[in-house]
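Start at 1 and go down the list; that is how both ligands and their atoms are numbered. If you're wondering where the values come from, they're calculated on a predicted model, not measured in any experiment. Counting from 1, the numbers follow the sequence of the chain as shown. Every heavy atom of this structure was used, including side-chain atoms; hydrogens, water molecules and symmetry mates were not.
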Amino acid sequence: MGNAQMTRIPVIAGNWKMHCTRAEARALVAALTPLILDARGREIIVAPPFTALETVSRAITGTPIRLAAQNLHYEPKGAFTGEVSAAMLRDAGCAAVIIGHSERRQYFGETDGGVNRKIRAALDAGLMPIVCVGETLAERDGGQMTAVIERQVRGAWSDLAPDAISRCVVAYEPVWAIGTGRTASPAQAQEVHRLIRQLTASIASDSLASALRILYGGSVKPDNIDGLMTQADVDGALVGGASLNAEDFARIVSFTAAG
Ligand code: PGA
């Protein structure tokens, strides 16, 4: 998959989670923008909470930063109190949306089937899904890591046309590494990224899998991004805590993958 890797433009995405009022969001973007203006050959995404989307959309106009939301509902409209549709996210300026984050699976009962429906809704509206998968520590320790990743990947891609899968990005986020300061080693990340690519090849095709961008997430910091990016199947990062600090996020964006 060597040549195809050249065509996989790395993605560094910041997941702000439930942080930032509009004023804080404006300040974060203002601090970040001058630090990433020279970044080339990588895609930069920030995912603020719903309430700051429009504010950030305005603030990033004319910069290389693109906007994502952290969730969406799979129906286009209707009586779904508290939910937000794909079209609404597009209207607020989003280009992408995070789907199936482990916090949503853990705390809000998201299922593989729901993730699949959300991917379809996002694609129908022209949003790029950032589809999250990852095992818990108990699952890894119990020897179920491969089975869990396979179930989540098969669930996500269920009945999707190859063209639809090709418009997605995957984020492998081991739950035990999220917000814990305990990042996966580059070799641990590579093992699962390779598994995800092989699974996708078996479900869709080799060429599609070769072009699929697979991000790593879970305690990505300035001091571990370069090591992660040396791995053949690591195509970027989904960054939580460190994305709230402009200098740290800019350093992660300017990773070097010289191994
Ligand atoms: P973290 O979060 O970088 O704070 O571990 C990553 C994520 O949940 O996307």
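For ligand 1, the atoms lying closer than 4.0 Å to a non-hydrogen atom of His101 are 7 (C), 8 (O), 9 (O). Taking every heavy atom of Asn15 and a limit of under 4.0 angstrom, the matching atoms of ligand 1 come to 9 (O). Of all atoms in ligand 1, listed by their number and element, those nearer than 4.0 Å to a heavy atom of Ser219 are 1 (P), 3 (O), 5 (O). In the vicinity of Gly241, heavy-atom distances shorter than 4.0 Å reach the ligand 1 atoms 1 (P), 3 (O), 4 (O).
Checked against side chain to side chain donor-acceptor pair (under 3.5 Å), Glu110 has the following partners two or more places apart in sequence or in another chain: Arg104, Lys118. The side-chain contact (heavy atoms from CB on, under 4.5 Å) test applied to Gln106 returns Val175, not counting sequence neighbours.
For Arg251, the CZ atom is densely surrounded, since the number of other residues' heavy atoms within 6.0 Å is greater than 12. In this structure, Arg151 places its CZ atom where more than 12 heavy-atom neighbours from other residues, nucleotides or ligands lie under 6.0 Å away. When the shell of 6.0 Å around CZ of Arg120 is examined, it contains more than 12 heavy atoms from other residues, nucleotides or ligands.
Remark: the backbone N or O of Gly218 is paired with a side-chain donor or acceptor of Tyr216 at under 3.5 angstrom.
For ligand 1, the polar-atom distance check finds no N/O of Lys221 at less than 3.5 Å from any of the ligand's N/O atoms.
Looking at Ile178 against ligand 1, both its backbone and its side chain come within 4.0 Å, counting heavy atoms. Proximity of Ala177 to ligand 1, defined as any heavy-atom pair under 4.0 Å, is confined to the backbone N, CA, C and O atoms.
Relative orientation of the His193 and Tyr172 rings is perpendicular, given thresholds of 30° and 60° on the angle between their planes.
The protein heavy-atom contact nearest to atom 7 (C) of ligand 1 is Glu173 OE2, 3.1 Å.
When Gly179, Gly134, Gly240 are checked for heavy-atom proximity to atom 5 (O) of ligand 1, Gly179 turns out nearest.
Within the 4.0 Å heavy-atom cutoff, Ala242 does not count among the residues contacting ligand 1.
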